[in-house]
Undergrad: 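Pasting a structure here, questions to come.
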Amino acid sequence: MEINRLQLDALREIGNIGSGHAATALSTMLNRRIEMSVPEIKAIPFQEAASVMGELDIPQAVIYVKVEGEAPGKAVFFIPLESAQILVQALFNSDENYNLFENEMAQSALMEMGNIMVSSFIIALTEFSKVPLAPSVPALAVDMVGAIFDAIILEDGVLEDTVIFINTHLTGIPKIEGKFVFLPDEGSLTKLLGALGV
Amino acid sequence: MNNVISVGMADLKVAKSPNILMTAGLGSCIGICIHDPFRKVGGMAHIMLPNSNGNDSNPAKYADTAVELLIKEIINLGGSKTRLRAKIAGGAQMFSFAGKPPVLKIGDRNAEAVVAELKRLGIPLLVSDVGGSFGRTIHFDVGSGALKVRTINHGEKVI
């Protein structure tokens, strides 16, 4: 579906609020001041989504949370491996180089941090739109980003056509970036935008 | 010179030797590769879902429409239907959720649908590298029929 400028502004505001929540939660978790900015937000058809992900066979850490409630969908946080490594090291207060593909402790730390970030955006979406949404249990995969992305969008055997991308940058620890992606189920986007009054 | 032609999601391409067809980051999708070893022409489709359910907006997206279209385009490029042979890769399950019944696994359903289509159309399936819980990037040499499957932590092989 087409998204107009007003609607995009509303989504950007949600992105800002969500990243604010995420930064606060991460600051507490990592015990240092983290700030988060949203340099980019867009709503695009899924075919174009691949191009936003960068190289499709580069591995990334991906946290996937199903969103339940009145405007259900899928929320995903993509973290490049270098950034994921820095996050895990910050959490464990260690310089060790963790094997993110195999180390279960590192994976569970990543899943927890990813879950916090995803949930922060979902809470912001709910606060702003007043449409009740609730994140469910998170899942983590560390593999080719394109492979993970296609598995998520196709999980239910249907294709939603519009994907919302919120690019985030974290400052406070060096070189951290991530992408938050919301894939609304059919009808959810209309409902959310309607609730936002745009 | 070997030219690498990229095949995107829900995309389908055909080419003549010495071209290489490539698709990156297959998860639950299937990369199907078909070629005629004598005329050295072939093609690849990046299939996303098993059934089109009558939706013909993009035939390359669905197993029940993509395989037939791929064969047709290879024949248009000079391939002979009786010589065509196929290889497939992909169909992984990238996430596992507790309590989810296995019948819903889209990767498996995609692989089954593609195999059924090949059977219906009478194209021999030489080899398949499907399933697992990891992504694959594939390169298909339309002349030799060599299919290179690359993964992050599960090695690289030519099938």
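To find a chain, count down the sequence lines: A is the first, B the second, and so on, and within it residues start at 1.
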Undergrad: Does A:Glu127, at its CD atom, have more than 12 non-hydrogen atoms belonging to other residues, nucleotides or ligands within less than 6.0 Å?
TA: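 Counting neighbours around CD of A:Glu127, more than 12 heavy atoms of other residues, nucleotides or ligands fall under 6.0 Å, so yes.
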Undergrad: Charged N to carboxylate O below 4.0 Å: is that the case for A:Glu68 and A:Lys66?
TA: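 Salt bridge between A:Glu68 and A:Lys66, a charged N being under 4.0 Å from a carboxylate O: no.
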Undergrad: Apply side-chain hydrogen bond (donor to acceptor under 3.5 Å, both in side chains) to the pair A:Asn97 and A:Gln85, showing each step before the final yes or no.
TA: CA-CA 7 Å; A:Asn97 202 15; A:Gln85 186 69 250; 3.0 Å; yes
Undergrad: Are A:Asp95 and A:Gln89 linked by a side-chain donor-acceptor pair shorter than 3.5 Å?
TA: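 The answer is no; no qualifying pair exists.
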Undergrad: Would you tell me whether A:Glu155 and A:Tyr64 have side-chain atoms, one donor and one acceptor, within less than 3.5 Å of each other?
TA: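 Side-chain D/A pair, A:Glu155 to A:Tyr64: present.
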Undergrad: Are there residues of residues 26-40 of chain B that reach to under 4.5 Å of chain A by heavy atoms, and which ones?
TA: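 At a heavy-atom separation under 4.5 Å, chain A is reached by B:Leu26, B:Gly27, B:Ser28, B:Cys29.
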Undergrad: Where along residues 123-131 of chain B does a heavy atom come under 4.5 Å of chain A, listed by residue number?
TA: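 When heavy atoms of chain A are the reference, residues 123-131 of chain B contributes no residue within the under-4.5 Å range.
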Undergrad: Can you label the angle between the A:Phe78 ring and the A:Phe149 ring as parallel, tilted or perpendicular, going by 30° and 60°?
TA: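 Because their plane-to-plane angle lies in the 30° to 60° range, the rings of A:Phe78 and A:Phe149 count as tilted.
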Undergrad: Rounded to the nearest 0.5 Å, how far does CD1 of B:Ile88 lie from CE of B:Met44?
TA: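 Output value for this atom pair is 12.5 Å.
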Undergrad: Measuring from atom CZ of A:Arg12 to atom CD1 of A:Ile41, what distance do you get when rounded to the nearest 0.5 angstrom?
TA: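 Interatomic distance, A:Arg12 CZ to A:Ile41 CD1, rounded to 0.5 Å: 6.5 Å.
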Undergrad: Among A:Ile63, A:Val62, A:Ile153, find the residue that satisfies the side chain to side chain contact (heavy atoms under 4.5 Å, CB included) test when tested with A:Val76.
TA: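 Output: one option passes, namely A:Val62.
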Undergrad: Checking B:Thr23 against chain A: side chain, backbone, both or neither under 4.5 Å from a heavy atom?
TA: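 Neither part; nothing is under 4.5 Å.
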Undergrad: Quick test of your reading of the model: are B:Glu73 and B:Lys13 salt-bridged, counting only N-O distances below 4.0 Å?
TA: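 Not counted as a salt bridge, because no side-chain N and carboxylate O are separated by less than 4.0 Å.
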Undergrad: Rounded to the nearest 0.5 Å, what separates atom CD1 in B:Ile71 from atom CG in B:Leu69?
TA: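 Taking CD1 in B:Ile71 and CG in B:Leu69, the distance rounds to 9.5 Å.
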Undergrad: Identify, with sequence neighbours excluded, every residue that meets side chain to side chain contact (heavy atoms under 4.5 Å, CB included) alongside B:Glu112.
TA: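 None.
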Undergrad: Considering heavy atoms only, which positions within residues 5-12 of chain B lie below 4.5 Å of chain A?
TA: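 Near chain A, by residue number: B:Met9.
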Undergrad: Which residue, B:Ile138, B:Asp141, B:Val158, forms the side chain to side chain contact (heavy atoms under 4.5 Å, CB included) with B:Leu147?
TA: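 Only match with B:Leu147 under side chain to side chain contact (heavy atoms under 4.5 Å, CB included): B:Ile138.
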Undergrad: Hey, is CG on A:Asn31 packed in by over 12 heavy atoms from elsewhere, all under 6.0 Å?
TA: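 Count not over threshold, so no.
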Undergrad: Where on B:Arg150 is there a heavy atom nearer than 4.5 Å to chain A: the side chain, the backbone, both, or neither?
TA: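 Both parts, backbone and side chain.
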